[in-house]
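Just so you know, these numbers come straight off a predicted model, no measurement behind them. In what follows, residues are counted from 1 in the order of the sequence shown.
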Amino acid sequence: MPELSSRYARALAWLDQRIIRPFYTDRVRRLILQSFPFWIASVLTGVVAVGYEKVFGWAEEISFAWLERAPWLAFVLTPLAFGVSWLLVRQGAPAARGSGIPQVMAGIELSNASQHRRTAYLLSLRVAIIKVLSSVVLLLGGGVIGREGPTIQVSAAIFRAINKLQPAGWPQLSRQIALVTGGAAGLAAAFNTPLGGIVFVVEELTQMHMARFRMAVFTAVIIAGLTAQTFLGPYLYLGFPKIIPVAGWGQLLVVVVALVCGLAGAVFAKTLLWLGRYRQRFTTLAAQAGWVLGCGLLLGGLAYLVGREGVGTGKPIINRLLFQNDGATPWYLFPVRFAGMALSYSSGGAGGVFATSLSAGAILGDGICQVFDVAVADRNLLILVSMVSFLTGVVRSPFTAAILVLEMTDRHSAIFQLLLSGLLAQGVAALIDPHSLYEHLKVGFIRETGEQERAARLAPGAPAPAQEPD
C-alpha cells in the first residue's frame, strides 16, 4: 500500500505540473485537483459494478440450472452456500454482512475528525472483497438477494481508499463527501439510474446541504454511469413496458395498491429487525451455525417446492410480469419470496434487499390485480406502483423509489402515479414504524464499530490505533 500511494502521488504531481498548472487559473486548478481523484474512483466504480453484475448474473443462472436439473440438491447446496457465505463474513469482515447501505450511512456519520478511524471497519477494501464473495456464494445456493446495496458499499469503499491515497498537501474534499459521492455513484452504476443516485443521496444518505457536494456527486454519477454504459450499452434495467393510462376506478386502485404494498414493505422491514434481534440469542459458534444452516434448509425446502421463481434476485419475475404476464401467477409466490428474502438476509451473509423488494412488490401488485379482476393488459402501471410502494415501505425513500422505477422503465407518463404511490406508502409505513430499516441498522453498526474499537484497545499487547491523516 505505501508503494502504491507513492506511485499515485507521483502521477498526480506530474498531472498537476505538466497539464493543469500551465493552463488554468488557481481557482479552476484547485477545483480540478479536488475532483480528479473522485473521477478516478468513479471510473473504478463503473468497472467494478459491471464486473459484479456479470458475476452476479452468472451465479443466478447457475442456481437456476442446478435447481431445474436436480431440485433435491436444494436440501444440500442451499444450506452449504448459506454456511460458506456466513463464514466468509464472520471470519473475514463482519461489517460485510447484509445490504451495505446502513454501513455507508454509519460511515458517513462517523466521518469526522474524532471518529473517522472507525470507518475502516465498515468500508475498507477488505470489506468490499468479502462483500462480493459472500453475496455471490449465497446467490449460487439460491439466496433471495440483490447486488445493488452491496454495490453501494463497495463503491463507498473505493472512494474512501482513493481519498486516503491522496498525498499530503493535495487539496481534498472531505471524507464525508467522499463517502456520499461513492454511494451515489454506486447506485447509478448498479441500476443505470443517474437521477436515482442523486435523489438517493439527498433523501437517504445525508442531511447536509446539497450545495456542499453537488458538483462531486453529479460528476461521479455521470462518470460511473458512462463507464458502466461503455461495457453494457445504454440499457434500461427493465426495458419498456406498455402502460395504459388509468382514470376513475383505476386511480382508486392505484391508491389501494400503494397502501397495501407500502404496509407490506414496512412489515417486511419489521420482520428483518425482529429476526436480527432474535438471532442475537445464539451466542456460541455452534448455535450460530445451526441458525444459518436452518435458514438455508428452510429456503432449500421452499426452492424444492416452488422452483426457480422461489430463488434469486427476482428480476426475471418482474420481466415476466411486465412483458409476458399470463395472469396466472400463483398466490403463494409472494409469501414464498417474502420468507426467502427474510431467511437470506437473516443468515448473516452478504446481500441486498433493493432488487428483491422490487420483485416482491411486483408479485404482490399482480396478486391484487387478480383479486380485483384487472385485465392483464391494464396491470403494468399497477405493478410499477406496487414496486415503488413496497420498496418505499422497506427503505422509506419514496422519491428515490419512484425515480428508480421511472428510470428503469422510461415510462414518464406514469410519473405522477409513481410519486403519489411513494408518498402514500411512506405515510402508511410510518404507522408500523416511523424509522426505516436502514436507520435502525445504521445505529447498530455505529454501536458495533465502537465496541470493536474498544475491544481492540483492551486486547493484551494491542498497538495504539493507527492515525489517518486529516
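Checked for salt-bridge contact, E60 and K315 miss the test: no charged N lies under 4.0 Å from a carboxylate O.
When the side-chain contact (heavy atoms from CB on, under 4.5 Å) test is applied to L272, the partners found at least two apart in sequence or on another chain are F268, A342, Y345, S346, V353, L437. Among residues two or more places apart in sequence or in another chain, the side-chain contact (heavy atoms from CB on, under 4.5 Å) test is passed with S135 by Y52, F56, I145, A350. Applying the side-chain contact (heavy atoms from CB on, under 4.5 Å) rule to T409 yields the partners L238, P241, L384, R411; only residues at least two apart in sequence or on another chain are considered. Contacts of L140 classified as side-chain contact (heavy atoms from CB on, under 4.5 Å), with partners at least two apart in sequence or in another chain: W58, A59, I62, V136. Partners of F82 under the ring-ring contact (aromatic ring centres under 6.0 Å, His included) rule, at least two apart in sequence or in another chain, do not exist in this structure. Take R90 and apply the salt bridge (Lys or Arg N to Asp or Glu O under 4.0 Å) test, not counting sequence neighbours, and it matches no residue. Listed by chain and residue number, nothing satisfies the ring-ring contact (aromatic ring centres under 6.0 Å, His included) test with F445 (two or more places apart in sequence, or in another chain).
Under the 30°/60° scheme for interplanar angles, the aromatic rings of F191 and F354 are found to be tilted. By the 30° and 60° cut-offs, the orientation of the rings of W291 relative to Y278 is tilted.
Residue pairs meeting the salt bridge (charged side-chain N to carboxylate O under 4.0 Å, His left out) criterion with at least one member in residues 62-81, sequence neighbours excluded: E68-R308. Listed by first and then second residue, the salt bridge (charged side-chain N to carboxylate O under 4.0 Å, His left out) pairs involving residues 267-289 are K270-D433 (not counting sequence neighbours). A salt bridge (charged side-chain N to carboxylate O under 4.0 Å, His left out) check over residues 434-449, counting only residues at least two apart or in different chains, returns the pairs R97-E448, E109-K442. Counting only residues at least two apart or in different chains, salt bridge (charged side-chain N to carboxylate O under 4.0 Å, His left out) contacts with residues 339-363 are absent.
Checking N192 against Q229 by side-chain atom types alone, a donor-acceptor pair falls below 3.5 Å.
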Side-chain donor/acceptor pairs under 3.5 Å, residues 297-306, sequence neighbours excluded:
none

